[in-house]
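Remarks on the structure that follows.
Because the structure is a prediction, the values reported are computed rather than measured. Along the sequence shown, residues are numbered consecutively beginning with 1.
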Amino acid sequence: MPFKELLVISGKGGTGKTSLAAALIELELERASAPVVACDADVDAANLALLIDVEDGAGREFTGGSTAVIEPSRCTGCGACLEACRFSALERIDNRVRVIETACEGCGVCRLVCPADAVELAPETAGIWWVGRGEDLTLVHAELGVAQDNSGKLVARVRREARQLADDHEAELLIVDGPPGIGCPVHAALTGVDLALVVTEPSPAGLHDLERALETTEHFERPAAVVINKCDLAPAVSERIAELCERRKAPLVARLPFDRRVPGELARGRSPLAVPRFRELVDGLLTRLHSLLWD
């Protein structure tokens with residue numbers, strides 16, 4: 001039977017998305033008769049590996065885009081590239097031109113205008129990705145490089161690797177901890193998933209960004225469900241979220257109350273499932289998600 005893919009996202013950061021994803025992974029490991037595969041698609045700030053027990057293999061380079069490289073022996077210092085560069089990614093030093101790598105967009109205009117043919121475009125390492133392995137668990141995660149903007153492509157890469165591993169290991173469920181927001185990385189994470197679980201919080205920003213997240217899942221024609229985390233901190237806003245879910249036809253699958261013990265466990269590097277009340281609620285949530293994915 002083909003595996004199912006569950007994506008955990010949030011319209012905004014700080015909702016508890018990764019903590020909940022880690023808890024779902026741990027509970028799925030306890031339940032499943034097959035290996036579990038997970039993927040951290042939040043490549044700008046990947047931290048799922050802090051909460052689950054895996055040991056990383058060797059890092060592998062992800063190449064995205066190009067960077068200009070100037071051969072000093074051929075550069076005449078004419079300045080044609082300086083005038084043509086729209087990104088201020090070149091500077092003159094001792095009558096020669098040098099590339100500012102963190103500013104270069106790899107557009108290649110400097111190469112086109114150079115009369116001395118002194119510019120080449122070299123593939124650029126945009127990030128590193130790893131496969132971590134634990135007992136019956138595989139995690140694919142990555143780290144985007146400094147000043148890189150290929151996060152959508154890197155998300156697509158780690159998802160592709162995770163899907164292949166899910167196939168190879170005959171996994172039943174692939175759980176993806178997605179990026180926050182609704183931008184390009186979310187689009188790359190959302191395409192083709194079986195269910196998007198949107199984690200929100202009862203605040204004006206949480207309500208607003210939940211609506212944007214649900215609009216995004218509708219645009220990509222992906223089914224969505226909603227969890228309200230810390231639901232008891234603002235009950236009136238939680239009710240407005242429930243009304244929004246009803247209007248958007250997105251099932252509200254769990255309301256998780258605030259419990260000071262959960263952040264305490266996380267601060268100590270321990271699983272939030274150590275809190276019995278939280279474990280019970282998330283266990284019920286996982287049962288509901290299974291019914292949405294397989295029924």
Side-chain angles (χ1 to χ4, degrees), residues 4-33 36 38 40 42 47-48 50-53 137 172-178 180 193-203 205-207 209-210 213-214 217 223-246 248-295:
K4 298 290 186 178
E5 186 171 2
L6 171 67
L7 172 67
V8 186
I9 58 174
S10 59
K12 62 183 289 294
T15 62
K17 168 183 63 65
T18 296
S19 302
L20 183 58
L24 290 170
I25 291 166
E26 189 173 342
L27 283 175
E28 182 66 20
L29 273 171
E30 295 177 7
R31 290 188 182 192
S33 57
V36 176
D40 191 342
D42 186 5
N47 55 11
L48 182 60
L50 299 175
L51 300 177
I52 59 178
D53 187 18
L137 173 64
E172 296 175 355
L173 183 61
L174 166 59
I175 300 177
V176 180
D177 180 22
V193 301
D194 295 291
L195 180 65
L197 178 64
V198 188
V199 184
T200 189
E201 61 183 10
S203 67
L207 177 61
D209 292 342
L210 169 62
L214 292 176
T217 60
V226 177
V227 170
I228 308 176
N229 195 22
K230 299 170 280 190
C231 64
D232 50 343
L233 294 185
V237 182
S238 290
E239 290 310 311
R240 290 174 62 192
I241 289 173
E243 292 168 5
L244 171 63
C245 292
E246 188 173 352
R248 292 283 183 180
K249 296 182 172 52
L252 178 56
V253 289
R255 300 185 190 220
L256 305 178
F258 177 70
D259 191 319
R260 292 182 184 275
R261 293 173 294 176
V262 171
E265 294 296 333
L266 293 170
R268 295 176 180 87
R270 297 199 290 256
S271 169
L273 295 180
V275 178
R277 182 189 189 193
F278 186 79
R279 168 181 280 271
E280 181 181 351
L281 290 169
V282 177
D283 189 67
L285 167 62
L286 184 59
T287 298
R288 183 73 189 278
L289 294 173
H290 272 239
S291 69
L292 291 173
L293 283 165
W294 277 283
D295 290 353

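The CD1 atom of Ile175 sits 11.0 Å away from atom CG of Leu7, with the distance rounded to the nearest 0.5 Å. Distance check, rounded to the nearest 0.5 Å: CG of Leu174 to CD1 of Ile25 gives 9.0 Å. Rounding to the nearest 0.5 Å places CD of Glu28 at 10.0 Å from CD of Glu30. Atom CG of residue Asp177 and atom CG of residue Leu6 lie 10.5 Å apart, to the nearest 0.5 angstrom. With values rounded to the nearest 0.5 angstrom, Leu293 atom CG is found 6.5 Å from Leu289 atom CG. Between Leu195 atom CG and Leu292 atom CG the span is 6.0 Å, to the nearest 0.5 Å.
Closest heavy-atom contact between Lys17 and Val8: CD-O, 3.4 Å. Closest approach of Glu201 and Ile241 over heavy atoms only: O-CD1, 3.6 Å. Across all non-hydrogen atoms, the minimal contact from Ser271 to Glu265 is O-CB, 3.8 Å. Residue Arg277 comes nearest to Pro257 through the heavy atom pair NH2-CG, 3.3 Å, listed as atom of the first residue, atom of the second, then distance. Shortest non-hydrogen contact noted between Leu266 and Pro272 is CD2-CD, 3.7 Å. Across all non-hydrogen atoms, the minimal contact from Ala23 to Phe278 is CB-CE2, 3.9 Å.
The side-chain contact (heavy atoms from CB on, under 4.5 Å) with Val199 is formed by just one residue from the set Val226, Leu256, Asn229; it is Asn229. Applying side-chain contact (heavy atoms from CB on, under 4.5 Å) to Ile228 and the options Leu233, Leu210, Thr200 leaves one that passes, Thr200.
Among residues at least two apart or in separate chains, side chain to side chain donor-acceptor pair (under 3.5 Å) pairs with a member in residues 249-263 are Glu239-Arg255, Asp259-Arg261.
No more than 12 heavy atoms of other residues, nucleotides or ligands shown are found within 6.0 angstrom of CG on Asp53. Residue Arg248 qualifies as enclosed at atom CZ: its count of foreign heavy atoms under 6.0 Å is above 12.
The side-chain heavy atoms of Ser33 and Glu172, taken from C-beta on, include a pair separated by under 4.5 Å. For the pair Thr18/Leu51, a side-chain contact is recorded, criterion being any heavy-atom separation below 4.5 Å from C-beta on. Here the side chains of Leu197 and Leu24 are in contact, with some heavy-atom distance below 4.5 Å. Residues Val253 and Val227 meet the side-chain proximity criterion, which asks for heavy atoms closer than 4.5 Å. Counting only heavy atoms from C-beta outward, the side chains of Leu20 and Leu285 approach each other to under 4.5 Å.
For the side-chain contact (heavy atoms from CB on, under 4.5 Å) test, residues two or more places apart in sequence or in another chain that qualify with Arg31 are Asp283, Leu286, Thr287, His290.
Here the side chain of Arg268 pairs a donor or acceptor atom with the backbone of Gly264 at under 3.5 angstrom. Proximity of a side-chain donor or acceptor of Ser238 to a complementary backbone N or O of Pro202 within less than 3.5 Å is not detected. Judged by distance alone, the side chain of Asp42 and the main-chain N or O of Pro180 form no donor-acceptor pair under 3.5 Å.
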